[in-house]
Visitor: 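The following block contains the structure, expressed as structure tokens.
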Amino acid sequence: KHQECPFRKKVCWNCHGNHPGNDCPLRCRFCKDRHDYPLLECVKRVCRRVTDWKKSKPAQEQRNVLSSFEHLQVKLEGFEDLDLAKHNREVQKIVKELNEHHLIFPGDLDELATSILDMKPPPKKAFEQITPPPPPGPPPKPYVAPKLPKDSPPPMPENKYPWSEKIFLDTLLARGMYGCNVLSRIIGRGGIHHRRMETESGAR
């Protein structure tokens, strides 16, 4: 107990001698080096280095490798024979990922990993493209390109608003429409034709 210690507060943390910790002539029992700072500061520096290591990228890669290796062991426990495990796609994927990180597989896992890495993919079957027979009936007529008009189109009427279009009904209506309510025929009952034209053309 510290109450029974004859040295009281003058106890070296390193060698437990009767002198302050800064004046200890022996090497540090943690880092095995000689330094001027006390033992507690050495322990704090080691803890800082461990904390920095845990935050580094190599430590993250190491944790990922250990997690993948544990996942591989759990997968292999579900197989009675390891020869059957090498044909499992998930086992093959984990082994290839671990091999990319240059992992050394222990014992029986080394033989399994070697057999998986040396395994060749199955050969792909040559797909022969079969030409379908012609459809029954007479052969189709040859394509004839339409003849382009030689005359220029008639000039467009004056258009004050670019989003509107003028339509001349006298060139579109038949003779039997004379005397009818043309506007109601175009709009339709309840505006059905008008809504259909707006839907198909996207115009208002």
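Just so you know, these numbers use all the heavy atoms, side chains as well, and skip hydrogens, waters and symmetry mates. In this text the structure is predicted, and so the values were computed from the model without any measurement.
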Visitor: Which pair of heavy atoms, one from Ala59 and one from Trp53, lies closest together, and at what distance?
Guide: CB-O, 2.8 Å
Visitor: Taking the side chain as C-beta and beyond, is there a heavy-atom pair between His193 and Ile187 under 4.5 Å?
Guide: no
Visitor: Ser67: which residues meet the side chain to side chain donor-acceptor pair (under 3.5 Å) condition with it, sequence neighbours left out?
Guide: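 Testing Ser67 for side chain to side chain donor-acceptor pair (under 3.5 Å), a comparison that skips the adjacent residues, returns none.
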Visitor: Ignoring hydrogens, what is the shortest heavy-atom contact between Arg27 and Lys32? Give both atom names and the distance.
Guide: NH1-O, 3.5 Å
Visitor: Could you check whether Arg48 pairs with Glu41 (Lys NZ or Arg NE/NH1/NH2 to Asp/Glu carboxylate O, under 4.0 Å)?
Guide: yes
Visitor: With rounding to the nearest 0.5 angstrom, report the OG1 to NZ distance, Thr51 to Lys44.
Guide: 13.0 Å
Visitor: Check for a donor-acceptor pair, side chain of Arg196 on one end and backbone N or O of Gly191 on the other, with a separation under 3.5 Å.
Guide: no
Visitor: Are the side chain of Asn99 and the backbone of Val95 linked by a donor-acceptor contact shorter than 3.5 Å?
Guide: no
Visitor: State, with a plain yes or no, whether a side-chain heavy atom of Ser68 is found less than 4.5 Å away from one of Leu98.
Guide: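 Yes, side chains in contact.
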Visitor: Is the side chain of Arg63 donor-acceptor paired with the backbone N or O of Lys54 at a distance under 3.5 Å, no angle test?
Guide: yes
Visitor: Going from NE2 on His71 to CD on Glu97, what distance comes out if it is rounded to the nearest 0.5 angstrom?
Guide: 9.0 Å
Visitor: Rounded to the nearest 0.5 Å, what separates atom CG in Leu26 from atom CZ in Arg34?
Guide: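 Here the interatomic distance stands at 7.0 Å.
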Visitor: Hey, are Arg89 and Gln92 close enough side-chain-wise for a donor-acceptor pair under 3.5 Å?
Guide: no
Visitor: When rounded to the nearest 0.5 angstrom, what distance separates CE in Met197 from CZ in Arg195?
Guide: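 One gets 11.0 Å once the value is rounded to the nearest 0.5 Å.
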Visitor: Rounded to the nearest 0.5 Å, how far does NZ of Lys55 lie from CG of Asp52?
Guide: 6.5 Å
Visitor: How long is the gap from NE2 on His194 to OG1 on Thr199, to the nearest 0.5 Å?
Guide: 10.0 Å
